[in-house]
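In what follows, every chain begins at residue 1, and chains take the letters A, B, ... in the order their sequences are listed.
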Protein chains: 2
Amino acid sequence: MRANFSIAEENYIKSIYHLQQATGEVNTNALANHLNTKAASVTDMLKKLQAKNLLNYLPYKGFKLSREGNKAAVMIIRRHRLWEFFLVDKLHFNWDEIHEVAEELEHIRSKKLIDKLDEFLGYPKFDPHGDPIPDSNGKIDELKQLPLANLPVNKQAIITSVLNQSNELLAFLSSRNIAIGTVLEIKDKLPFDNSVEIKFKNKQSINISEQVAKAIQVNPL
Amino acid sequence: MRANFSIAEENYIKSIYHLQQATGEVNTNALANHLNTKAASVTDMLKKLQAKNLLNYLPYKGFKLSREGNKAAVMIIRRHRLWEFFLVDKLHFNWDEIHEVAEELEHIRSKKLIDKLDEFLGYPKFDPHGDPIPDSNGKIDELKQLPLANLPVNKQAIITSVLNQSNELLAFLSSRNIAIGTVLEIKDKLPFDNSVEIKFKNKQSINISEQVAKAIQVNPL
DNA sequence: ATTTATTTTTAGATTTGTCTAAAAATAAAT
DNA sequence: ATTTATTTTTAGACAAATCTAAAAATAAAT
Ligand SMILES: [Mn+2]
Ligand SMILES: [Mn+2]
Ligand SMILES: [Mn+2]
Ligand SMILES: [Mn+2]
């Protein structure tokens, strides 16, 4: 009934949500890996979340967030992304140095704080990584994006977000001047390693590995 | 060496600091009461802080923060008060509804976050309760304030802070339009209950109990 | 100087979240 | 259809932070 979860619980809820989004279904080991913990710990927490009706969990069979769990996840993500926007827009952090701090700020559960922050920020729709920010009711403005790797050759597109947001990847992109909003197109797909040759609007071209091209999400223009 | 404390440790450090400031010395029961916990729990934590060299503690004899513990306390207080300023100045919270949220925000330990926040806020010197905000090096601009109860009759003064910041007290002051920056003077001190008759600049007069007059801190003009 | 009261500390439990190692269930391979 | 490998769960231990109840130290009172 009341929405009051521990920081550990919230981190699990959020991870399950993200893994569900990405792969459709989650398994214990994947979740353990994502949370940098052990499978046994995951099982313990699954039972706890199940008991709190946040999860539909059948031992050995599998698990996914309940309607209630999903709602909780969305609110945590709202807080995370609003703080990320704040850090970049107001405190002038780089978009590749905000994740850890937002990972902590997201656990401050005051509804009033978040709604006032949202207002102060001007009700932003996307976070600095291009991910949509759920509104105060939990509604998400999903945008139909696709991996850069799947973009047809010679079709212009704008970068909207980056999956797999490791600091290393974000720093790499930063160094290549690749950011949310960058407009580019693919000039060639190299078959031997699936890397792609991309060209920016300023005519400059660089080569991007398959892994990176899969992480970069774009909207065709 | 490295400054990484748990939330519980930080709350103890801060409470010890405040009780030291107020009364010169602290005892186990007072600390337990201030932290809304039990004396046994306090003893446990004292041993832990002692082991971390944050406290000079001799069982049964007494305890006080070490130089290192003091420094840690000041940094927690810096974070607390900067967030309070942010909540009032940017998010337009009332000064009597910010404490709980700041109590959580203060535990986000990123130095970069706090220094950037400080810059964003314009390096404020005082929090919304009139308490001084330590700077990035831990220096505090102490101001010589005294309790309203000790202010001489007919001497104008400005309210600079409020001790004993319970929500009830802050709400009461709010309802009487008493806030940081309010200018007033004492017209009479009533001997039978030590209450004081105060007059605002708009000529309005009200009576304030001894307890409240002791909590309100003023600077004579 | 004893006795009595207060304060503080210990002893032992409990809760939360984690871990390693072993057992059980499921999936893959022969 | 067994055997082998992988995944998942249990069993048991542990650290952090808390609690209650009892013991020990200190302070106050007679
Ligand atoms: Mn987190
Ligand atoms: Mn993000
Ligand atoms: Mn706190
Ligand atoms: Mn304050």
Check: Would you say the side-chain atoms of A/E197 and A/N207 include a donor-acceptor pair closer than 3.5 Å?
Finding: yes
Margin query: From CG of B/N33 over to P of C/dT8, roughly how many Å is that when rounded to an integer?
Written below: 12 Å
Margin query: Dot-bracket, 5' to 3', for DNA chain D please: Watson-Crick or G-U pairs under 3.5 Å, [ ] where pairs cross earlier ones, | where the partner sits on another strand, dots elsewhere.
Written below: ||||||||||||||||||||||||||||||
Checklist line | Rounded distance (Å) that lies between atom P of D/dC19 and atom CE of B/M45 | finding: 11 Å
Check: Looking at CD1 of B/I98 and OG of A/S110, how far apart are the two atoms once the value is rounded to the nearest 0.5 Å?
Finding: 12.0 Å
Next item on the list: Quick one: pull up CG in A/D131 and CZ in A/R81 and give me the separation to the nearest 0.5 Å.
Entry: 4.0 Å
Margin query: Does C/dT8 have its OP1 or OP2 closer than 4.0 Å to a side-chain nitrogen or oxygen of B/N29?
Written below: yes
Checklist line | Spacing of B/L31 atom CG relative to D/dT18 atom P, expressed in whole Å | finding: 11 Å
Note to self: It should be established whether A/K38 places a side-chain nitrogen or oxygen under 4.0 Å from OP1 or OP2 of nucleotide C/dT20.
What the structure shows: yes
Pick out the pairs of N or O atoms, protein on one side and nucleotides 9-16 of chain C on the other, that lie under 3.5 Å.
from   : atom 1 : to    : atom 2 : distance (Å)
C/dT9  : OP1    : B/Y57 : OH     : 2.6
C/dT9  : OP1    : B/Y60 : N      : 3.0
C/dT9  : OP2    : B/T28 : OG1    : 3.2
C/dT9  : OP2    : B/T43 : OG1    : 3.0
C/dT9  : O4'    : B/Y60 : OH     : 3.3
C/dT10 : OP2    : B/K47 : NZ     : 2.9

Notebook entry, point to check: Short question: side chain of A/D193, backbone of A/S195 - any donor-acceptor pair under 3.5 Å?
Noted result: yes
Notebook entry, point to check: Within the pair B/T37 and D/dT18, is there a side-chain N or O less than 4.0 Å away from OP1 or OP2?
Noted result: no
Next item on the list: Anything under 30° is parallel, anything over 60° is perpendicular, the rest tilted; go ahead and classify A/F63 against A/Y57.
Entry: perpendicular
Next item on the list: Could you tell me the separation between the CG atom of B/N27 and the C1' atom of D/dA27, rounded to a whole number of Å?
Entry: 13 Å
Margin query: For the backbone of A/N94 and the side chain of A/E97, can you confirm whether one donor and one acceptor N or O come within less than 3.5 Å of each other?
Written below: yes
Margin query: Taking the ring centre of each residue, are B/H18 and B/H34 less than 6.0 Å apart?
Written below: no
Checklist line | Student check: side-chain heavy atoms of A/Q20 and A/E25 closer than 4.5 Å | finding: no
